[in-house]
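Written out below as structure tokens is the structure these notes cover.
Keep in mind the model is a prediction, meaning the values are calculated, not measured.
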Amino acid sequence: MEKAVGSMLSQIFENLVCLIRKFIFCVLSVAPLPNHIAFIMDGNRRYAKKRGLMEGVGHKVGFLALISMLRCCHELGVRYVTVYAFSIDNFKRSPKEVQSLMELMQEKIDDLIKEESIVNRFGLRIYFIGNLKLLSEPVRLAAEKAMLATAKNSKAVLCICVAYTSTNEIVNAVKESIEEKWDEFCVLNASGAGYGLIKLGGSEGDEREQLIKLIDIEKHLYMAVAPEPDIIIRTSGEIRLSNFLLWQSAVCYLYSPSVLWPEVGFHHFLWAILNFQRNHSYLYKKWKQQ
């Protein structure tokens, strides 16, 4: 009986908190709202160490923090969310830790696509962003399964950056752009439409500038599935991007609360939105200049 009452009171409290959040977000909507928020989930290992917990527990608690932030984004109406889950540089950690993280990642990917999961309740389409060939086969297959399973979800987009660095993304985009131009050149030559690279780039004088354009690189970026972020939130107080969305973050607002990722909460999210709105006119002006 006591357990049932406790569960009922807990549900009432959760519903009340949800209503309060929605009311606050309704008030915020009178000002410009972000369309894309990105998170650098920093501090999982330090969280576990600070509390004397076993290795890996911090990442499990961090997954709950991710669910909380996804709920906030959904209630605010944020269309795109990107999270930095695993850097290519993280493969330099001990083999034991990398293997543990891969197993945990596979487990959480499977959790994300369960029928009752927050991903399906909120209609999130999942994209895994990065050099997926570097992942262990079970994790890569789980990622591909999740992208396929959520392909028809259309309410919002969740980009999960794994085996990712921005420099790798840019190099890969340039490589694919060059390969595409070379294929076009071969087709032109085979059809007798022209010889050399001039036909692709315009006149001989501007050949170097026109051969590979900005739009060519941008369409081959891993993150071409989403617009540039409006806000990047990095926890643990570190004011650096750590090779994350360098191409896309030229004019976005950066917010770095001192809490570790598993400790991030609604008030940190709210403060990021308020600061974005306060700086919106300046950021929009810079974006227009770009």
Side-chain angles (χ1 to χ4, degrees), residues 21 25 28 33-47 58-90 101 104-105 108-109 111-112 117-119 122 124-130 143 146 156-166 169 222-223 225-277 279 283:
R21 281 201 310 266
F25 289 152
L28 289 176
L33 293 174
N35 185 47
H36 182 181
I37 299 179
F39 296 92
I40 301 178
M41 303 183 292
D42 190 20
N44 292 308
R45 291 193 299 173
R46 276 169 285 171
Y47 175 86
H59 290 86
K60 291 182 179 179
V61 181
F63 181 75
L64 298 178
L66 170 60
I67 298 301
S68 174
M69 290 298 100
L70 288 177
R71 183 176 290 108
C72 287
C73 288
H74 170 74
E75 292 174 357
L76 184 62
V78 178
R79 171 76 176 163
Y80 296 89
V81 178
T82 299
V83 296
Y84 200 7
F86 195 85
S87 165
I88 290 177
D89 295 332
N90 291 151
L101 289 173
L104 179 62
M105 193 181 301
K108 296 309 178 186
I109 291 172
D111 287 345
L112 281 175
S117 72
I118 194 170
V119 166
F122 293 168
L124 296 174
R125 179 170 186 176
I126 297 177
Y127 288 98
F128 282 88
I129 305 296
V157 172
L158 171 61
C159 297
I160 303 175
C161 293
V162 293
Y164 172 91
T165 60
S166 194
E169 176 186 31
Y222 295 140
M223 282 297 297
V225 298
E228 295 177 352
D230 299 296
I231 307 173
I232 293 180
I233 299 175
R234 176 176 184 147
T235 51
S236 81
E238 297 286 351
I239 310 175
R240 52 193 171 90
L241 292 176
S242 295
N243 218 339
F244 178 60
L245 302 186
L246 301 181
W247 184 281
Q248 298 86 356
S249 60
V251 294
C252 79
Y253 171 69
L254 305 178
Y255 175 57
S256 185
S258 59
V259 294
L260 303 175
W261 174 253
E263 300 167 332
V264 72
F266 170 69
H267 58 292
H268 303 109
F269 181 81
L270 179 61
W271 190 247
I273 303 302
L274 289 171
N275 275 282
F276 165 76
Q277 292 181 332
N279 291 281
L283 295 170

Residue pair Leu33, Val78: steps toward the side-chain contact (heavy atoms from CB on, under 4.5 Å) verdict:
CA-CA 8 Å; Leu33 293 174; Val78 178; over 6 Å; no
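- Of all non-hydrogen atoms in Pro262 and Ala65, the two that sit nearest each other are CA-CB, 4.1 Å.
- Looking at Thr235, its side chain never comes within 3.5 Å of a backbone N or O of Leu260 through a donor-acceptor pair.
- In this structure, Pro257 and Ile233 have side chains that are in contact, with non-hydrogen atoms separated by less than 4.5 Å.
- Closest heavy-atom contact between Leu104 and His59: CD2-CB, 3.3 Å.
- With contacts defined as side-chain heavy-atom distances shorter than 4.5 Å, the pair Ser166/Leu245 does not qualify.
- Under the salt bridge (Lys or Arg N to Asp or Glu O under 4.0 Å) criterion, Arg125 pairs with no residue, sequence neighbours left out.
- Other residues, nucleotides and ligands place no more than 12 heavy atoms under 6.0 Å from the NZ atom of Lys60.
- No side-chain heavy atom of Tyr255 sits less than 4.5 Å from a side-chain heavy atom of Phe276.
- Residues Val225 and Cys159 meet the side-chain proximity criterion, which asks for heavy atoms closer than 4.5 Å.
- Distance alone, capped at 3.5 Å, places no donor-acceptor pair between the Thr82 side chain and the Ala38 backbone.
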Please test Tyr127 against Tyr222 for side-chain contact (heavy atoms from CB on, under 4.5 Å), starting from the C-alpha separation and ending with a verdict.
CA-CA 10 Å; Tyr127 288 98; Tyr222 295 140; over 6 Å; no
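- Listed for the Asn275 side chain is no donor-acceptor partner under 3.5 Å among the backbone atoms of Ala272.
- Checking each of Asp42, Val61, Asn44 against Trp261 for a side chain to side chain contact (heavy atoms under 4.5 Å, CB included) leaves exactly one that passes, namely Asn44.
- In this structure, Glu169 contributes its side chain and Met223 its backbone to a donor-acceptor pair below 3.5 Å.
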Passes side-chain contact (heavy atoms from CB on, under 4.5 Å), Asp230 versus Cys252? Steps please.
CA-CA 5 Å; Asp230 299 296; Cys252 79; 5.7 Å; no
Show, in sequence, the C-alpha distance, side-chain angles and deciding distance for Leu66 and Val83, and conclude whether the side-chain contact (heavy atoms from CB on, under 4.5 Å) test is met.
CA-CA 9 Å; Leu66 170 60; Val83 296; 3.6 Å; yes
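- Between Ser87 and Asn243 there is no side-chain heavy-atom pair separated by less than 4.5 Å.
- A donor-acceptor distance shorter than 3.5 angstrom exists from the side chain of Arg234 to the backbone of Arg240, with no hydrogens or angles considered.
- Side-chain contact between Ile109 and Phe128 is present, with at least one heavy-atom pair separated by less than 4.5 Å.
- Classified by interplanar angle (parallel below 30°, tilted 30° to 60°, perpendicular above 60°), the ring pair His36/Tyr80 is tilted.
- By the 30° and 60° cut-offs, the orientation of the rings of Phe122 relative to His74 is parallel.
- For an aromatic pair to be called close, the ring centres must be under 6.0 Å apart, and Phe25 with Phe266 satisfies this.
- Contact check for Phe39 versus Cys73: side-chain heavy atoms found under the 4.5 Å cut-off.
- Counting only distance, with no hydrogens or angles, the side chain of Tyr253 and the backbone of Ile273 share no donor-acceptor pair below 3.5 Å.
- Other residues, nucleotides and ligands contribute only 12 or fewer heavy atoms inside 6.0 Å of the CD1 atom of Ile239.
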